[in-house]
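Letters A, B, ... mirror the listed sequences (proteins, then strands); counts begin at 1.
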Amino acid sequence: ASQHRNTDSFDYSSYHTLSEIYSFQDMLVAENPNLVSKIVIGQSYEGRPLNVLKFSTGGTNRPAIWIDNGIHSREWITQASGIWFAKKIVTDYGTDPTLTAILDNMDIFLEMVINPDGFYYTHTTNRLWRKTRKPNPGSSCIGVDLNRNWDADFGGPGASSYPCSITYSGPSAHSESEVKSIVDFVKSHGNIKAFLSVHSYSQLLLYPYGYTMTPAEDQAELDSLALKAVTDLASLYGTTYTYGSFFDALYQGSGTSIDWAYNQGIKYAYTLEQRDTGTYGFLLPANQIIPTATETWLALMAIMDHTYQNPY
Amino acid sequence: KKTFEGHQVLRIIPKDDAQLSLMKNLEDMNEFELDFWRGVTGVSMPVDVRVPIHNLESVKMYLEAQNTEYSVMIKDLQVLLDREQEEMKSAAR
């Protein structure tokens, strides 16, 4: 049981266990029944629920924004930010005109912990675990890199077919339930207009493609929006982001979530790499959770608002 | 619970294509048991890599032999992990 009584007394400036995050989600739903609901889109390999919070003010199958955190389990700042984002949405709805306008017309789906098995493992056994916890037949090495498992040039350059690699793609596209559940959800929804994946820690904002140097059809718009997003982000604490296509700004990577999303017709597909400034890496101190989440939110808001203002 | 006493995270900034190539080779070397926190991207872009204590000397010698400069980003990983655990316990209390 969580020691927190409600989401107002929840400690957003600390890292939390998976059970505490699940409790937080249930509290937020209970406190905001007309705005927040919980959807279980599937189960992880070890049987944990894949919870998605839906923020909706009504309507049927409205255009929607997808946000996910924690695909790489050791990037704790991302799951912690996801908690903060959820509270921010319910706090700002009705007071912040931009978010209010978005939510009056669109839904937001937030998956705070894409990889719950890996996250649990980082708390119990190995703080630096990145992949899932699914055994690989014929290998003593465990787990798949969920951000190489998507059907977007699956198994191509920038992913590994070696199960011991931290970028192991898995045996086939969407072989992992954590990915397949999102794929099924997004496809069945059919009206997702932005797909935002939150990572850490190299201060990047990336758009498709990762698997090819060929520019995305919407590259000019994606690039211009990325500039707006990183400018808004930097306005708070001066945190500088580099932006560009995944291929150009980072490296070639195949099988990534945003490339899959973009190829599904979701134009506004971005990966954010949250801060560190080259001191702590994956071990960002807890006192930086709120500043990091706050600045990240500005970038997310820029993209969400643009998505709302530019229907397609 | 796995611990990381003495593990260091090194920050390496390749200065030219030759050093970039060297970094890529390092990524493929399984014998050093390296964990790349920030992978190899391009010249002048930082590469952060966790090195187990038992391979620290070898890795540093390898880098120095290739005239590749590095700095120690995290001196002892377990110290940071212990601090993180203590903060979590303290917050829970």
Side-chain angles (χ1 to χ4, degrees), chain A residues 2-4 10-17 19-20 72 74-77 80 121-130 141 145 158 160 162 164-167 199-204 206 242 244 246-253 273 276-289, chain B residues 1-14 20-21 23-24 26-53 70-93:
Chain A
S2 169
Q3 70 274 34
H4 306 284
F10 193 85
D11 185 0
Y12 296 91
S13 60
S14 293
Y15 290 113
H16 294 278
T17 63
S19 63
E20 287 171 345
H72 295 141
R74 63 187 178 181
E75 298 170 8
W76 276 14
I77 184 62
Y121 197 71
T122 63
H123 278 273
T124 55
T125 308
N126 181 345
R127 172 65 182 83
L128 294 173
W129 192 256
R130 164 187 165 104
C141 293
D145 179 351
S160 176
Y162 177 48
C164 297
S165 166
I166 61 169
T167 56
H199 293 237
S200 75
Y201 63 94
S202 47
Q203 297 178 195
L204 295 167
L206 310 171
T242 302
F246 192 113
F247 190 103
D248 289 339
L250 194 55
Y251 41 62
Q252 188 171 14
E273 291 271 358
D276 177 44
T277 51
T279 309
Y280 301 105
F282 299 120
L283 306 176
L284 196 65
N287 63 11
Q288 293 195 40
I289 293 172
Chain B
K1 198 166 191 175
K2 185 172 171 60
T3 56
F4 298 87
E5 281 91 0
H7 289 217
Q8 291 190 348
V9 179
L10 305 182
R11 168 156 287 196
I12 308 157
I13 302 180
L20 194 66
S21 175
M23 287 296 96
K24 285 178 179 165
L26 206 58
E27 265 188 327
D28 296 332
M29 286 183 185
N30 295 323
E31 62 266 33
F32 285 144
E33 302 168 62
L34 303 178
D35 171 19
F36 281 81
W37 285 19
R38 290 181 70 163
V40 181
T41 52
V43 172
S44 303
M45 300 300 291
V47 176
D48 297 340
V49 58
R50 174 176 62 85
V51 187
I53 188 169
Y70 62 88
S71 59
V72 178
M73 180 170 136
I74 296 175
K75 191 175 176 185
D76 185 339
L77 197 57
Q78 193 58 41
V79 172
L80 281 188
L81 292 171
D82 290 344
R83 191 178 306 158
E84 187 179 70
Q85 276 300 303
E86 186 49 44
E87 282 179 0
M88 278 188 74
K89 283 181 190 164
S90 175
R93 278 198 295 272

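If you take OG on A/S14 and NZ on B/K89, they are separated by 14.0 Å, rounding to the nearest 0.5 Å. Atom CG in B/D48 sits 9.0 Å away from atom OG in A/S202 (nearest 0.5 Å). In this structure, the separation between CG on A/D248 and OG1 on B/T41 is 12.0 Å, given to the nearest 0.5 Å. In this structure, the separation between CD on B/E87 and CG on A/N287 is 6.5 Å, given to the nearest 0.5 Å. Rounding to the nearest 0.5 Å places CG of A/L284 at 9.5 Å from CD of B/E84.
Using cut-offs of 30° and 60° on the angle between ring planes, the pair A/F282 and B/W37 is tilted.
Formation of a donor-acceptor pair under 3.5 Å by the B/K2 side chain with backbone atoms of A/L128 is not found in this model.
Of the listed residues B/R83, B/R38, B/R11, the one with more heavy-atom pairs under 4.5 angstrom with chain A than any other is B/R38.
Counting heavy atoms from C-beta outward, A/Y280 and B/L80 have side chains that approach closer than 4.5 Å. At a threshold of 4.5 Å between non-hydrogen side-chain atoms, the residues B/Q85 and A/R127 do not count as touching. Looking at A/D276 and B/M73, their side chains come closer than 4.5 Å, going by heavy atoms from C-beta outward.
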_Working for side chain to side chain contact (heavy atoms under 4.5 Å, CB included), residues A/H16 and B/M88_ = CA-CA 7 Å; A/H16 294 278; B/M88 278 188 74; 5.7 Å; no

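Between A/I166 and B/F36, the closest heavy-atom pair is CD1-O, 3.8 Å.
Interface residue A/T124: only backbone heavy atoms are found under 4.5 Å from chain B. Heavy atoms closer than 4.5 Å to chain B are found in both the backbone and the side chain of A/L250.
With respect to A/R74 and B/D35, a salt bridge is recorded, a charged nitrogen being found less than 4.0 Å from a carboxylate O.
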